[in-house]
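First comes the structure, then the notes that go with it.
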Number of protein chains: 4
Amino acid sequence: MENKNLSRRQKEKQRQRQEMLAAALSLFSEKGYHNVSMQEISEKAEFAIGTLYKFFKNKEDLYKVLILERAEVFHVSLSAALENADDEIEKLRNYVKAKGELFRENVSFIRIYFAETRGASFNIMAGLDNEIRKRYGQFLNTLASVFENGIKQKKFKKIAKPYYLAVALDSICNGFLFLWVEDPEFNAYPEDPDTILNIFFKGLIDPI
Amino acid sequence: MENKNLSRRQKEKQRQRQEMLAAALSLFSEKGYHNVSMQEISEKAEFAIGTLYKFFKNKEDLYKVLILERAEVFHVSLSAALENADDEIEKLRNYVKAKGELFRENVSFIRIYFAETRGASFNIMAGLDNEIRKRYGQFLNTLASVFENGIKQKKFKKIAKPYYLAVALDSICNGFLFLWVEDPEFNAYPEDPDTILNIFFKGLIDPI
Amino acid sequence: MENKNLSRRQKEKQRQRQEMLAAALSLFSEKGYHNVSMQEISEKAEFAIGTLYKFFKNKEDLYKVLILERAEVFHVSLSAALENADDEIEKLRNYVKAKGELFRENVSFIRIYFAETRGASFNIMAGLDNEIRKRYGQFLNTLASVFENGIKQKKFKKIAKPYYLAVALDSICNGFLFLWVEDPEFNAYPEDPDTILNIFFKGLIDPI
Amino acid sequence: MENKNLSRRQKEKQRQRQEMLAAALSLFSEKGYHNVSMQEISEKAEFAIGTLYKFFKNKEDLYKVLILERAEVFHVSLSAALENADDEIEKLRNYVKAKGELFRENVSFIRIYFAETRGASFNIMAGLDNEIRKRYGQFLNTLASVFENGIKQKKFKKIAKPYYLAVALDSICNGFLFLWVEDPEFNAYPEDPDTILNIFFKGLIDPI
DNA sequence: GATGAATGAGTTTTCATTCAT
DNA sequence: GATGAATGAAAACTCATTCAT
């Protein structure tokens, strides 16, 4: 009984927390960290400002938590995409597709995500960058190992270091996603993952 | 004599302006627009704050001028690189090399540049984004036309729309540059442009 | 209970607001709008400056509210004085007396009042002047109609247009009040309203 | 020769001084003391700002000089009007007329004049008020003595103390002038001085 | 435990005044 | 003697954070 009661309270707390984070995400994404006040967030989330501070130590902390939690979901999803096939080509295909879907569903977050992973929002706070970039680096290594395996198995030609290939592929995806975020009508990120992968797979010039 | 005197003053003015912009660049790059105060900039530039305001209408204006002047240099240089050869492959080589050099020489600016072209800094101000992105779009089109010509002349295989190829190549360069900016020791951006171009040219898998 | 609690808070708010307005009035009256800083007002009112801004949008707003609220009381009182009698002569007597009392009790406000109704404070802000002058104009018309009625009823000779008479009487009162404000010892505004009214009623020269 | 040269320089100086004062008057009148910068005045007068400071110790001093010089002219003219006739009634007539003309020709100054004599601009500076008010008091006494003489000679009935009569007449003039300044179209200040004087002379009610 | 009123440090910006040229 | 660039003190206003109710 006690336990259940506590757990119910805990759930309620979680729900409130999510509402706060959602309000914050929507505002940060729309206006940027420095142009959003805690007042504004508390109003949008329909909580008192004091309550906000019960959940998050300060504005920085709120932002940090927001970014890290979402980024975690991102990286988990993308890593999962790489696991969801035996064939390396299929893995990459899954990854490109998953990245597209993920971003499509989280448009407002991507802007912040780009800001953070691209180092653009400088040091809104020092710590955050490091954590999130370490995580991003981990993912790049996972992606690189897919290329490495493919090369080992002679599925891919060794045209560059696996890590470089990982960087290249992820960058291309980001490039297209960025264009799409900018102008969703333009629909820059191709539905068919092979549009992106072909650039990688086929090569521009004939081998002699 | 009069003329010379005037011109000397003008030169002095220019020098001061450049010093202010340099101080601002270094601070914005290090801490981000909102974490730098005009006081700070004026101190770093070793001018009184009032003098800063004689040169720039306000903080926004200072930032805008800073970004636009430098971005213009960037885009001009990159466009020039594409002109500096007859052969399309050579053009791309020039571009990749030029981009690397340009960024190497302007590390502190790149952070801001990424922030702006990647849309990361949200709406620090509305107008700026538009101008700089239009300019970026123009450049992408120029790059795309190199691919288009290469394809027409059967130098390149048509593995994707020229604009997509442009986006892809520029994104890869940016990806590497970003890694390098993050950790200059890592030296992620390859000295030899072909390291990057090979990823493009050769293709991962053998044509059947 | 809830209701009472709310009402108590509301009352507390009102009290604070009045304290702020009182502090502002005393300072504005003593030093003039531009020579008083919000800092100063907040200190005199014994609130933090932020609290001041919770109550008033900005300095202009604070001033506007101050003037308009008090001016309203003034105009209401003076208009009431004109209603408080049937006889026109008695009405004027009431008005002259009321004006004297009103000003005696609000010395520090009169300086500002003169500044505003006399157009002296130029454009501290555009809107205020208009509102307060319109109100002043309305009052002059009310006063004029007393003269008009008096003339219709042959109580007064028609020595000038009623509106002119209103302007003249109000001006004389203001003239004496001004002298008194300048030097309260001199006691320029006569206790007996007839001292002023006689100037009006009797005429300097005998009719022939 | 030397002498003449010096005197020419002196004249040139005077001319410059007048230009500065004229520019200042026009700006102060339009925007108010605190909304006009020394920069602005120097630009309007077409002198360097440093030159302005050669002529006037500081902004306050410039204002003070401006007010006092013009006020002097005013008071001299009005006093002269009172001398320009033998008959007291004629004197008053001259005065009312002169005041109207004076103000008509110096509209932009009147606003400042009202501000100062009405105590409206509080203490833009402490000293000014005193000097100018003393001067104003002197004039009121001169005017009062006209009434006194008139009464002695049985030209006027003694309906109030001469000083009160002076205050009353001047106040009425000011009241009309104020209305006229506010809305020059309305033309509140009557061309014929008797319109104003009648209010004084005839009296509202018949003597019994 | 939730609330939101109160706080005041910190930011941008203006402008009177000085002084080297 | 004139100039106007440079100065920096001072003002309006914001907003993250605290804490009494």
Side-chain angles (χ1 to χ4, degrees), chain A residues 9 12-13 16 33-43 46-63, chain B residues 5 8-9 12-13 16 20 33-43 45-63, chain C residues 5 8-9 12-13 16 20 33-43 45-63, chain D residues 9 12-13 16 33-43 46-63:
Chain A
R9 264 193 212 163
E12 174 61 12
K13 281 242 173 195
Q16 293 183 336
Y33 181 78
H34 286 285
N35 299 312
V36 172
S37 71
M38 291 298 266
Q39 193 60 241
E40 235 174 321
I41 297 173
S42 78
E43 271 161 24
E46 297 186 295
F47 288 99
I49 198 164
T51 313
L52 210 55
Y53 276 86
K54 284 275 190 294
F55 282 77
F56 306 96
K57 188 162 104 256
N58 52 34
K59 191 181 176 185
E60 207 172 294
D61 181 52
L62 167 57
Y63 187 72
Chain B
N5 205 356
R8 189 179 297 164
R9 257 192 219 165
E12 174 63 10
K13 275 231 172 199
Q16 292 182 335
M20 287 172 190
Y33 181 78
H34 287 286
N35 298 311
V36 173
S37 72
M38 291 299 265
Q39 195 59 245
E40 234 173 321
I41 297 174
S42 77
E43 272 160 25
E46 297 186 293
F47 288 99
I49 194 163
T51 311
L52 206 57
Y53 277 89
K54 283 273 192 298
F55 282 76
F56 305 97
K57 194 162 99 257
N58 51 34
K59 191 180 175 185
E60 204 173 300
D61 181 51
L62 168 57
Y63 185 72
Chain C
N5 203 357
R8 188 179 298 164
R9 259 193 216 164
E12 173 64 11
K13 275 232 172 197
Q16 293 182 334
M20 288 172 189
Y33 182 78
H34 287 287
N35 298 310
V36 173
S37 71
M38 291 298 265
Q39 195 59 245
E40 234 173 320
I41 297 174
S42 76
E43 271 160 25
E46 298 187 291
F47 289 98
I49 194 163
T51 311
L52 207 55
Y53 277 91
K54 283 272 191 298
F55 282 76
F56 305 96
K57 193 162 99 258
N58 51 36
K59 191 181 175 185
E60 204 173 298
D61 181 51
L62 168 56
Y63 186 72
Chain D
R9 263 194 213 160
E12 173 62 11
K13 281 241 174 196
Q16 292 182 336
Y33 182 77
H34 287 285
N35 299 311
V36 173
S37 71
M38 291 298 267
Q39 194 59 244
E40 236 173 320
I41 297 173
S42 77
E43 271 161 23
E46 297 184 295
F47 288 99
I49 197 164
T51 312
L52 210 55
Y53 276 87
K54 285 273 190 292
F55 283 77
F56 307 96
K57 188 162 105 258
N58 52 34
K59 191 182 176 185
E60 208 171 295
D61 181 52
L62 167 56
Y63 186 72

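Convention: sequence-line order gives letters A, B, ...; per-chain numbering from 1.
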If you assign Met38(A) and Asn58(C) each to the DNA chain F nucleotide with the nearest heavy atom, which residue ends up on the more 5' nucleotide?
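Its nearest nucleotide lies further toward 5', so the answer is Asn58(C).
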For Gly50(A) and for Leu52(C), locate the closest nucleotide of DNA chain E by heavy-atom distance; then report the residue assigned to the nucleotide nearer the 5' terminus.
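Closer to the 5' end of DNA chain E: Gly50(A).
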Mapping Lys57(B) and Lys13(A) to their closest nucleotides on DNA chain E, which lands nearer the 5' end?
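Result of the comparison: Lys13(A).
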Proximity to the side chain of [X] - top-ranked nucleotide from [options]:
X: Tyr53(A); options: dT17(F), dA12(F), dT12(E); answer: dT17(F)
X: Ala48(C); options: dT7(E), dA12(F), dT3(E); answer: dT7(E)
X: Ile49(C); options: dG4(F), dG8(E), dT13(E); answer: dG8(E)
X: Thr51(D); options: dA16(F), dT7(F), dA2(F); answer: dA2(F)

Using purine N1 to pyrimidine N3 plus N6-O4 or O6-N4 for Watson-Crick, or N1-O2 and O6-N3 for G-U wobble, both under 3.5 Å, which nucleotide pairs with dT21(F)?
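When the pairing criteria are applied, dA2(E) turns out to be the nucleotide that pairs with dT21(F).
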Using purine N1 to pyrimidine N3 plus N6-O4 or O6-N4 for Watson-Crick, or N1-O2 and O6-N3 for G-U wobble, each under 3.5 Å, what pairs with dT7(E)?
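With both distances under 3.5 Å, dT7(E) matches dA16(F).
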Send over the distance from [X] [atom1] to [N] [atom2], rounded to a whole Å.
X: Phe47(B); N: dT7(F); atom1: CZ; atom2: P; answer: 7 Å
X: Glu46(B); N: dT7(F); atom1: CD; atom2: C1'; answer: 15 Å
X: Gln39(A); N: dA6(E); atom1: CD; atom2: P; answer: 13 Å
X: Phe55(B); N: dG4(F); atom1: CZ; atom2: P; answer: 15 Å
X: Asp61(A); N: dA16(F); atom1: CG; atom2: P; answer: 14 Å
X: Glu40(C); N: dA9(F); atom1: CD; atom2: P; answer: 19 Å
X: Leu62(A); N: dT17(F); atom1: CG; atom2: P; answer: 10 Å
X: Ile41(D); N: dC15(E); atom1: CD1; atom2: C1'; answer: 12 Å

Interatomic spacing from CZ in Phe47(C) to CZ in Phe55(C) - rounded to 0.5 Å:
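If we round to the nearest 0.5 Å, Phe47(C):CZ and Phe55(C):CZ are 6.5 Å apart.
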Report yes or no: does [X] contribute a side-chain atom to a donor-acceptor pair with the main-chain N or O of [Y] at less than 3.5 Å?
X: Lys54(D); Y: Ile49(D); result: no
X: Glu40(C); Y: Ser37(C); result: yes
X: Lys59(A); Y: Tyr33(A); result: yes
X: Gln16(D); Y: Lys13(D); result: no

Side-chain N or O of Lys54(C) less than 4.0 angstrom from OP1 or OP2 on dA5(E)?
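Negative; the distance criterion is not met.
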With a non-hydrogen cut-off below 4.0 angstrom, is Gln16(B) in contact with a base, only sugar-phosphate, or nothing?
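Answer is sugar-phosphate: Gln16(B) comes under 4.0 Å of backbone atoms only.
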